[in-house]
Amino acid sequence: MAKNLLIVESPAKAKTIEGYLGKDFTVKSSYGHIRDLVKSEDAIDIEHGFKQKYEVPADKKQVVSELKKLAKEAETVWLASDEDREGEAISWHLFETLDLKEDKTKRIVFHEITKPAILRAIESPRKIDYNLVNAQQARRVLDRLVGFELSPVLWKKVKPSLSAGRVQSVAVRLIVEREREINKFNAEAAFRIVAIFGKGKEAFKAELPERFNKQEDAEKFLNDCIAAEFNVNSLETRPAKRSPAAPFTTSTLQQEASRKLGFSVSRTMSVAQKLYESGKITYMRTDSVNLSDLALQSAAQQIVSAYGEQYHQQRKYKTKSASAQEAHEAIRPTYFNEHTVDGDPAERRLYELIWKRAIASQMSEAQFERTVAKIGVSTRKEELVANGEVMKFDGFLKVYLESSDDEDDNQQDGDNAILPPLTKGQRLDLQEMTATERFSRPPARYTEASLVKKLEELGIGRPSTYAPTISTIQNRGYVVKEEREGKQRNFRVLTLKGGNIKKEEKTENTGAEKGKLFPTDIGAVVNDFLVQYFKGIVDFHFTASVEKQFDEIARGLKEWTDMIETFYKPFHQEVQTTIETADRASGERELGVHPESGKKVSVRIGRYGPFVQIGENDDEQKQYASLRAGQMIETITLEDAMELFKLPKKVGVFEDKDMTVAIGKFGPYIRHNSAFYSLPKGIDPLDVSEAQAVEIIQEKRKKDAEKLIKTFEENAEVKILNGRWGPYIEFGKQNVKIPKGKDPQSLTYQECKELAEAAEKEPKKAGKKFVKKK
DNA sequence: CAGTGAGCGAGCTTCCGCTTGACTT
């Protein structure tokens, strides 16, 4: 038996370290935290110094008992969890739970998984830092108190099963408030003037820096240009440079993978996890931009040998985030000489991104020559401006260019263009000039990744929780990630060409969104409730201010119980008062009066979601209709609401059964004989003819028939179908995958039944547990 | 993917942060 037991948090790390340490060391993993507060209300004894009650959760029992056994046999136990608040607490929990002895236990830390770093750590062990542990306890207790007192208030005042917390509630608030900014935004139109000079390859664009608010002014400008002479008034060339971005942290990786690869934050994390487990990259949950000395050397070597000495420049980056705890390195390839890796396409692409970003971070800056030509118009005092850019040295751009969040279409032209050789005073030949009406844009909706960026800036959440937080707020129904169609908008274009001005009206699609986060009604109602009654908790700076106090605890300047006491007393009082005094929140809003009956029309959240109601008194005949996807209580109008009552509508009869058109969660559909048929896009659900409906039903049946492999005489409900992932059995409401090697064509009814029953008996544990329904 | 929107009441829900697997119609 080995003399030493060394415990780290992650099994992949354990494997690597074991290789460095030789056979005197057994290296094991705790798989993160091994204990947590009990679920019940008595987890924290508020009366007695907030004493906590911990337990080992069921899924950690085995890990703990194995570690316990190994610890007993070992001469020395080395606690090597991460060097941050949570890591220190993990060491402390291990010390307590494994019944370790003070004199046989050593606490060590390292920031990078390299042999010298680990050996150095072993040379200088220390004791558990109880100040740091206390800071973690304060963090844990605060989060539990906030979450488990606030959530029940929502159950009483809004709806059961809702949740609130220090992190998730702020995330929802950001999205709700952004949506409101967008709603109240008024686009301002202005005319943008762009001129094209020269012909063929010599042609280039110039733009007027000023914009015209009125069409007359734009038109006058164009008019003045008809007879004008254009000359280069000034020509200025100056050098410019661009530096590479720091290597990835969790949050920047999520952002870039979202922009460049279209990954959701959880997809990014699970692909990165695979790369980490197969030893391809360093740890993927980190807030550090630091690279180990070994990594710096190895990157330098790669850059010099692949691109040459002039492309290399060693850089050390500093984190900009105040909340960073930097227990790990930045995310980088384990071996820089592996430019690509095996694996599925997602792994390969993410690895490539990580490799390029880390390599580029150690490369020289790119150098440009930027030219600005100002062009005088003889009949006007304004000048047109042409920008040209020539790259003199590509530097890090040879490998990697960071993408950006703003997709400002106004900047597309002009920048990066190459200007033909020009001389001062040169007369230019105008080919064409346009005045295009452009609109100011509302603030952008959050994507998952840009929300993570914002949370990180506010110091809210940690690398390990960004992805789960995004999932939580969606699972609770506070937020939806959606694609929404834009609206058509007209804009005017004036074109000056050949001495004539042509006026046109064009249309563009605006406001279309894909993969953006939208608040739901319940999200908005819960947010408003929390902002009204618990302003302090959902304040954007709440986390920053408690973090400051955690730091003081960690430095031994403050008692953690004092801090919690000071926070808890007024907070708990607010909870009490709110329970006693606050009204139920349903987001109710009056829309006006029903034009025909004169009854009141209102909208609010009900048991089954948001709905419109006509009538209010008990004795009145009331009418109800659910809101549709994309409609919200706060923005729906009386007219929209009236439309809702026009459907469902009977459109005719087919095979002796009614055909009804309605709108559901996934859009308009026809219901016929208890089956659903989606309406193709472009057909107005209010204007579907009987013949059209029949056609849609038959079309769908034809498509289904193509998927069908086999049916059975015994039971028409049972079918074998071709699905996206191969053949499967549709057994009533249950779908069962056909095992590999079985020929779907030759399956009997009895076999199908057995497969279905076997699948029923073996419920998908994890799937059901983690993926909340609805 | 209907329409439903009353009321009773037992028993349940819920936080954040550290990990990995088992799970995908």
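Both backbone and side-chain heavy atoms feed into the values below; hydrogens, waters and symmetry mates do not. Here the structure is a predicted model, which means the values were calculated and not measured. First the proteins, then the strands, lettered A, B, ... as listed; each starts at 1.
Taking a cutoff of 4.0 Å between a charged side-chain nitrogen and a carboxylate oxygen, A:D36 and A:R140 qualify as a salt bridge.
At B:dT19, one or more side-chain N or O atoms of A:Y283 fall inside 4.0 Å of OP1 or OP2 (strictly under the cut-off). The side chain of A:R144 contributes no N or O atom lying less than 4.0 Å from OP1 or OP2 of B:dT14. Applying the 4.0 Å criterion to OP1 and OP2 of B:dC15, one finds that A:S151 has every side-chain N and O outside that range. Taking only side-chain nitrogens and oxygens, A:R607 never comes nearer than 4.0 Å to OP1 or OP2 of B:dG7. Close to B:dC15, at under 4.0 Å from its OP1 or OP2, lies a side-chain N or O of A:S163. Close to B:dC16, at under 4.0 Å from its OP1 or OP2, lies a side-chain N or O of A:Q168.
A donor-acceptor distance shorter than 3.5 angstrom exists from the side chain of A:D521 to the backbone of A:I633, with no hydrogens or angles considered.
In this structure, A:K13 forms a cation-pi arrangement with A:Y283, its terminal cationic atom sitting closer than 6.0 Å to the ring centre and no more than 45° off the ring axis. Geometrically, A:R35 engages A:W92 in a cation-pi contact, judged by NZ or CZ lying under 6.0 Å from the ring centre and within 45° of the ring axis.
The side chain of A:V167 lies closest to B:dG17 when the candidates are B:dG17, B:dT20, B:dT14. Of the listed nucleotides (B:dC15, B:dT19, B:dT20), B:dT19 has the atom at the smallest distance from the side chain of A:D82. In this structure, of B:dT14, B:dC16, B:dT20, it is B:dC16 that holds the atom nearest to the side chain of A:D143. Residue A:S626 has its side chain nearest to B:dG5 when only B:dT20, B:dC16, B:dG5 are considered. Looking at the side chain of A:S464, the nearest of the listed nucleotides B:dC16, B:dT19, B:dC1 is B:dT19. Counting only heavy atoms from C-beta on, A:F676 has its side chain closest to B:dC1 among B:dC1, B:dA6, B:dT13. In this structure, of B:dG17, B:dT20, B:dG5, it is B:dG5 that holds the atom nearest to the side chain of A:Y624. Residue A:P152 has its side chain nearest to B:dT14 when only B:dT14, B:dC18, B:dG5 are considered. For A:R140, the side-chain atoms get nearest to B:dC15 when compared with the rest of B:dC15, B:dT4, B:dT19. For A:D36, the side-chain atoms get nearest to B:dC16 when compared with the rest of B:dT13, B:dC16, B:dT14.
For A:Y276 and A:V146, each mapped to the nucleotide of DNA chain B holding its nearest heavy atom, the one lying further toward the 5' end belongs to A:V146. Heavy-atom distances to DNA chain B give each of A:E149 and A:A12 a nearest nucleotide, and the one nearer the 5′ end belongs to A:E149.
Between A:F611 and B:dG5, a base-stacking contact is recorded: ring centres under 5.5 Å apart, planes less than 30° from parallel. Per the stacking criterion (ring centres < 5.5 Å, plane angle < 30°), A:F148 stacks onto the base of B:dT14. Both thresholds, 5.5 Å between centres and 30° between ring planes, are met by A:Y608 relative to the base of B:dT4, so the two rings are stacked.
The residue A:G615 sits apart from the nucleic acid: no heavy atom pair falls under 4.0 Å. Within 4.0 Å of A:G606, counting heavy atoms only, lies at least one base atom of the nucleic acid.
A:S251 and A:E456 share a side-chain donor-acceptor pair at under 3.5 Å. At a cut-off of 3.5 Å, with distance as the only test, no side-chain donor of A:E616 or A:S602 sits close to an acceptor on the other residue.
Applying the 3.5 Å distance criterion, the base of B:dC16 shares no donor-acceptor pair with the side chain of A:R462. A donor and an acceptor atom sit less than 3.5 Å apart, one in the side chain of A:R139 and one in the base of B:dC16.
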